[in-house]
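Only one structure is covered here, and it is reproduced in the block below.
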Amino acid sequence: HVSPDGRNGALVEVNCETDFVAKDAAFVQFARAVAQVAGERRITEPAALSQEKLPGGESVDAARQALVSKLGENMTVRRVVTIEAKGRLASYLHGTRIGVLVDYSGGDEALGKDLAMHIAASKPVARSRDEVSTELGERERTIARARAVESGRPEILLDKMVEGAVNKYLSEVTLLGQPFVKDDKQTVEKLLVARGATVHAFQMFVL
């Protein structure tokens with residue numbers, strides 16, 4: 001859900017048991033209503049969200065239970081995240097399994113949609129290198145060191161090999177470093193510079 005002014009949004013993961021139910025109109029409508037409530041009221045905990053009232057007056061949990069009875073499958077509101085934009089939000093849903101919100105400034109709506117689609121396709125773990133968790137960076141460094149030692153190259157080359165491998169990894173997993181899906185001759189960072197745009201943050205759920 002994205003607010004009409006594009007400044008606030010929410011991603012909600014609602015689980016069911018089969019693709020058949022995931023595509024059911026009543027289930028889709030329920031998921032959208034839950035996301036709207038989460039976004040409008042800035043709710044980030046599933047337990048709190050389940051107690052909130054939907055526009056019809058019933059709680060999210062009561063509506064969930066009614067839908068379980070109607071469709072014959074268990075359903076859960078598994079996770080929720082809200083985002084307050086520094087710029088404006090673009091959103092993208094890939095089928096029923098990937099959802100993206102991206103906060104950006106500059107460019108136009110088409111660029112925002114392209115960025116959200118890129119994130120869904122390339123699944124970056126962070127916006128930029130300095131936002132990759134220390135734990136993830138150290139894990140990759142350890143793996144790169146082990147591979148470098150196994151290669152049997154002289155000790156003097158190992159540090160350079162490790163740095164090269166870590167830099168390659170950081171390019172591959174960060175939004176700014178990835179080749180843009182619609183034009184792999186340029187990185188997302190270069191695309192943004194060319195369009196006078198900035199990505200402030202993004203959120204992604206992958207089932």
Side-chain angles (χ1 to χ4, degrees), residues 1-16 21-64 66-67 70 75-124 126-128 131 175-176 180-182 188 191-207:
H1 170 77
V2 175
S3 63
D5 65 2
R7 298 304 300 272
N8 297 289
L11 273 179
V12 175
E13 180 182 328
V14 185
N15 295 148
C16 58
V21 165
K23 291 171 184 171
D24 182 273
F27 180 80
V28 171
Q29 187 177 0
F30 170 72
R32 284 180 177 155
V34 172
Q36 184 173 345
V37 167
E40 288 175 352
R41 300 174 202 169
R42 316 283 200 279
I43 298 163
T44 57
E45 292 296 330
L49 185 54
S50 70
Q51 302 307 312
E52 286 291 320
K53 294 282 193 292
L54 291 168
E58 62 186 339
S59 71
V60 167
D61 199 54
R64 180 192 66 81
L67 207 53
K70 179 184 176 185
M75 296 163 201
T76 52
V77 178
R78 181 164 172 258
R79 53 182 171 159
V80 56
V81 68
T82 61
I83 184 168
E84 200 162 328
K86 289 181 180 175
R88 61 193 185 280
L89 294 175
S91 64
Y92 177 68
L93 287 175
H94 184 74
T96 60
R97 295 183 174 272
I98 302 174
V100 175
L101 286 174
V102 57
D103 172 10
Y104 72 107
S105 298
D108 54 18
E109 282 189 21
L111 176 65
K113 183 65 77 176
D114 280 349
L115 290 167
M117 287 175 66
H118 170 94
I119 291 165
S122 299
K123 301 179 183 60
R127 188 187 68 92
S128 61
E131 291 174 13
L175 174 62
L176 297 182
F180 179 46
V181 287
K182 283 191 166 183
V188 171
L191 168 73
L192 292 169
V193 169
R195 299 293 297 275
T198 303
V199 169
H200 302 290
F202 69 87
Q203 294 284 355
M204 173 176 59
F205 281 171
V206 180
L207 288 182

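Residue numbers count from 1 along this sequence. Side chains included, hydrogens not; waters and symmetry mates left out as well; all remaining heavy atoms used.
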Could you pull out all donor-acceptor pairs under 3.5 Å where a side-chain atom in residues 193-207 meets a protein atom, sequence neighbours excluded?
unit_1	atom_1	unit_2	atom_2	d
Arg195	NH2	Asp108	OD1	3.2
Arg195	NH2	Asp108	OD2	3.4
His200	NE2	Ser105	OG	2.6

Set of residues satisfying salt bridge (charged side-chain N to carboxylate O under 4.0 Å, His left out) with respect to Lys123, sequence neighbours excluded: none
Taking the side chain as every heavy atom from C-beta outward, state whether Met75 and Val21 have any pair of such atoms under 4.5 Å apart. yes
Distance-only criterion, 3.5 Å: show the donor-acceptor pairs between side-chain atoms of residues 48-60 and protein atoms not counting sequence neighbours.
unit_1	atom_1	unit_2	atom_2	d
Ser50	OG	Ala47	O	2.7
Glu52	OE1	Arg41	NH1	2.9
Ser59	OG	Ala62	N	3.0

Once rounded to the nearest 0.5 Å, what's the spacing between atom CD of Glu84 and atom OG of Ser3? 9.0 Å
Donor-acceptor pairs under 3.5 angstrom involving side-chain atoms of residues 90-102: please list them, not counting sequence neighbours.
unit_1	atom_1	unit_2	atom_2	d
Tyr92	OH	His94	ND1	3.2
Arg97	NH2	Asp19	OD1	3.1

Kindly write out the residues that satisfy side-chain hydrogen bond (donor to acceptor under 3.5 Å, both in side chains) with Ser128, not counting sequence neighbours, or none if the list is empty. Asp130
Could you list all the salt bridge (charged side-chain N to carboxylate O under 4.0 Å, His left out) pairs where at least one residue sits in residues 87-96, not counting sequence neighbours? none
Looking at Thr82 and Ala10, what are the two nearest heavy atoms and their distance? CG2-CB, 4.1 Å
For a 4.5 angstrom cut-off between non-hydrogen side-chain atoms, does Lys113 reach Met117? yes
Just by modelled atom types, is the Gly39 backbone N or O under 3.5 Å from a matching donor or acceptor in the Asn8 side chain? no
Taking only residues two or more places apart in sequence or in another chain, which ones pass salt bridge (charged side-chain N to carboxylate O under 4.0 Å, His left out) with Glu45? none
Flag yes if more than 12 heavy atoms outside Arg42 fall under 6.0 Å of its CZ atom; otherwise flag no. yes
CG-CG distance between Asp5 and Leu89, expressed to the nearest 0.5 angstrom: 9.0 Å
Could you tell me which residues satisfy side-chain hydrogen bond (donor to acceptor under 3.5 Å, both in side chains) with Lys70, sequence neighbours excluded, listed by chain and number? none
When you compare the side chain of Leu176 with that of Leu192, does any pair of heavy atoms fall below 4.5 Å? yes
Between CG of Asp114 and CD1 of Ile119, what distance do you get to the nearest 0.5 Å? 11.0 Å
So, does His118 use its side chain to make a donor-acceptor pair with the main chain of Val181 at under 3.5 Å? yes
With sequence neighbours excluded, tell me which residues meet side-chain hydrogen bond (donor to acceptor under 3.5 Å, both in side chains) with Ser122. none
Test side chain to side chain contact (heavy atoms under 4.5 Å, CB included) on Val34 and Val80; report intermediate values, then the result. CA-CA 10 Å; Val34 172; Val80 56; over 6 Å; no
Distance-only donor-acceptor hits, side chain of residues 22-30, under 3.5 Å, sequence neighbours excluded:
unit_1	atom_1	unit_2	atom_2	d
Asp24	OD1	Ala26	N	2.8
Asp24	OD1	Phe27	N	3.4

For Arg78, salt bridge (charged side-chain N to carboxylate O under 4.0 Å, His left out) partners two or more places apart: Glu13
